[in-house]
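First the structure, in the form of structure tokens, and then the observations on it.
Labels below follow one simple rule: chain letters A, B, ... track the order of the sequence lines, proteins then strands, and each chain is numbered from 1.
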Amino acid sequence: MIPLSWALILSAVVFVIGVIGVLIRRNAIVIFMSIELMLNAANLVFVAFSQHLRSIDGQVFVFFVMTVAAAEVAVGLAIIVNLFRLRETVMVDEVNLLKG
Amino acid sequence: MNVLPTPVLLAVDWWALGAVLALSAGILLLLLLEFFPAQARSNRSAIVALLTLAAAGWSVFHVRDAKREIFGGMFVHDGFTVFFTLLFCAAGALAVLLSWDYVKRTRINQAEYYALLLSATAGMIIMAASNDLITIFLGLELMSLALYVLVGFQRHHLESNEAALKYFLLGAFASGFLLYGIALLYGATGTTGLGQMAAVMIDSPMLGNPLFLLGGLLLIIGFGFKVSAVPFHMWTPDAYEGAPTSITAFMSVGAKAAGFAALLRVLMRAMGDVQADWIPILSGLAILTMTVGNITALLQNNLKRMLAYSSIAHAGYVLIAVVAGGRDGAASALFYLAIYAVMNLGAFGVLTLLGREREERVLISDLAGLGFRHPALGIALTLFMISLGGIPPTAGFMAKVYVFSAALNAGLVPLVIIGVLNSVVAIFYYLRVTVALYMEEPQGEPVYVSWATPGVIALIASVVLTLWWGIQANGLLAAAQRSVLGLL
């Protein structure tokens, strides 16, 4: 039986890696992958607490989150692909028409 | 003998879901109708969207007095839901009217445009009606995903695309925070239902519980992004500037109101006991949001961008109302959001009329002399500007008065002083627009106004409401006060 704290520490580490990835990487695809890491860290918390609290709710929520994440991928990749068609780059710091 | 389980689905009170069902049906109809190709200038999709929004508004108005909880209490139909549903349907209808001609001029007149607008509206309604963190999350994503696409709808347009990318990346980033916050709150309390959460807190106080505190903090960060509170506002000016103007109008009003609706319900239903934890955080956010929004708005030359910063500042005023809390605070937040919706849709609505086919004229200098060439448009824009600035006898003034008086009654004197000072600063940049309208000579080709009946109808409606609520606000205020009773 894995203790709850281990799962929580793992999920916190994954979440922080995701946040740092969003903040320091410049490639839109990599930023997007980091966001997915954050969502999966949240899933891990849900599952861990679901086990710990003996409540099935947390596991059900994970399905909702996975569905939402899949929808987000569809929209996000479409936007990034469209950007690549127009600009031939996916680097966010090269996309800088709007300022002020 | 076996007892059959109660057929839960059949027991659902479908009337309470009426608005969402009507919108879903409208979305499917819009997409199905595309099998019969329409002409480029067809009004079919816009009419279907308008009728759908009317049906949704009617279905919720029809059962406005009933209080119902469905899906095990995850979705509630009470005064609060009714108020916001009507607000979102009205904002959606005004946005459809403003889009009518604008989408033809920018060549994005497609059924998907209206279908996405309706699904964003459905997401907002779900956010306002949710009584569970998971349904709030689902509503938020339904709204956000539709808005990401709408912002980037002019897909051959670099600005629109860039706006969509920035909005999407930061919006998804914020969703990550929000979800992690929900997960931690679930861990701390063992439930995601707002009512159950409040019940749990009676037995085991959560004040100072680190897991709960961190979860609540992440939740506030997530909502802060959605209502564009400083320091989570970076996406707002870019997304508002690059998006099609009709969509900017809609999201500046709808997404913000939906964010505040969900935030209010969470804070008042579930977090009443831990007020001491979140009041300082939200007060700080309110001060930062107002000040940074107003001061940055002073420096803008692009009207869309200026209104984006102004909308950030307005989020700050609503945050004051949220901090004030209680019946008065919540009611004044609803009151402010309804008035803000009308005047901001009007201000962006004037912008949707400017420019020829595929031409965007939204710099403040483009307005030069417009007040004399098109007096009606000039007067309308002036009215929206003084209302946004909070000058009587407009609705914007009444909105600020009620928010500040609710805050004074709650003893928040410093917040009110900072809010009033900010309102004074804000008048400078709103009046700059008026100065351009009446006191400047146009340089180069004067801006062309593309008159269109639906847009004009939307503007007239906004003007009338802005004036009416400026003079006779009691009806709206009473409605707002009735609506928040269910939260307390």
To the nearest 0.5 angstrom, please state how far the [atom1] atom of [X] sits from the [atom2] atom of [Y].
X	Y	atom1	atom2	value
A:Ile80	B:Phe168	CD1	CZ	6.0 Å
A:Ile35	B:Leu170	CD1	CG	8.0 Å
B:Leu179	A:Asn43	CG	CG	6.5 Å

Checking heavy atoms, do the side chain of [X], its backbone, both or neither come under 4.5 Å from chain A?
X	answer
B:Phe177	both
B:Leu158	both
B:Glu141	side chain
B:Tyr148	both
B:Leu211	side chain

In terms of heavy-atom pairs under 4.5 Å, which option from [options] contacts chain B the most?
options	answer
A:Gly18, A:Ser34, A:Ser55	A:Ser55
A:Asn82, A:Val45, A:Leu8	A:Asn82
A:Ser50, A:Ala69, A:Ala48, A:Ala74	A:Ser50
A:Val95, A:Val75, A:Leu53	A:Val95

Item checked: For the student: nearest non-hydrogen atoms of A:Ala42 and B:Ala183, plus distance -> O-CB, 3.8 Å

Margin query: Quick check on A:Val19 against chain B: is it the side chain, the backbone, both or neither that has a heavy atom closer than 4.5 Å?
Written below: both

Next item on the list: Name the member of B:Leu184, B:Ile182, B:Leu299, B:Asn161 that forms the most heavy-atom pairs with chain A at distances under 4.5 Å.
Entry: B:Asn161

Next item on the list: Among B:Arg155, B:Glu162, B:His157, single out the residue with the greatest number of heavy-atom pairs under 4.5 Å to chain A.
Entry: B:Glu162

Next item on the list: Taking ring-ring contact (aromatic ring centres under 6.0 Å, His included) as the test, write out the residues that go with A:Phe46, two or more places apart.
Entry: A:Phe61, B:Tyr186

Margin query: Among residues at least two apart in sequence or on other chains, which ones pass ring-ring contact (aromatic ring centres under 6.0 Å, His included) with B:Tyr429?
Written below: none

With a cut-off of 6.0 Å (strictly less than), are more than 12 heavy atoms of other residues, nucleotides or ligands near [atom1] of [X]?
X	atom1	answer
B:Arg361	CZ	yes
A:Ile2	CD1	no
A:Glu94	CD	yes
A:Arg26	CZ	yes

Checklist line | Side chains of A:Asp57 and B:Thr191 in contact at under 4.5 Å (non-hydrogen atoms) | finding: no

Note to self: Is there a side-chain contact between B:Ser175 and A:Glu72 in this structure, where contact means two heavy atoms from C-beta onward sitting under 4.5 Å apart?
What the structure shows: yes

Note to self: Quick check on the structure: residues of residues 111-126 of chain B within a heavy-atom distance below 4.5 Å of chain A, by number.
What the structure shows: none

Notebook entry, point to check: With sequence neighbours left out, what residues match B:Tyr180 under side chain to side chain donor-acceptor pair (under 3.5 Å)?
Noted result: A:Ser11

Margin query: A:Ile79 and side chain to side chain contact (heavy atoms under 4.5 Å, CB included): which single residue from B:Leu165, B:Val151, B:Val149, B:Leu169 fits?
Written below: B:Leu165

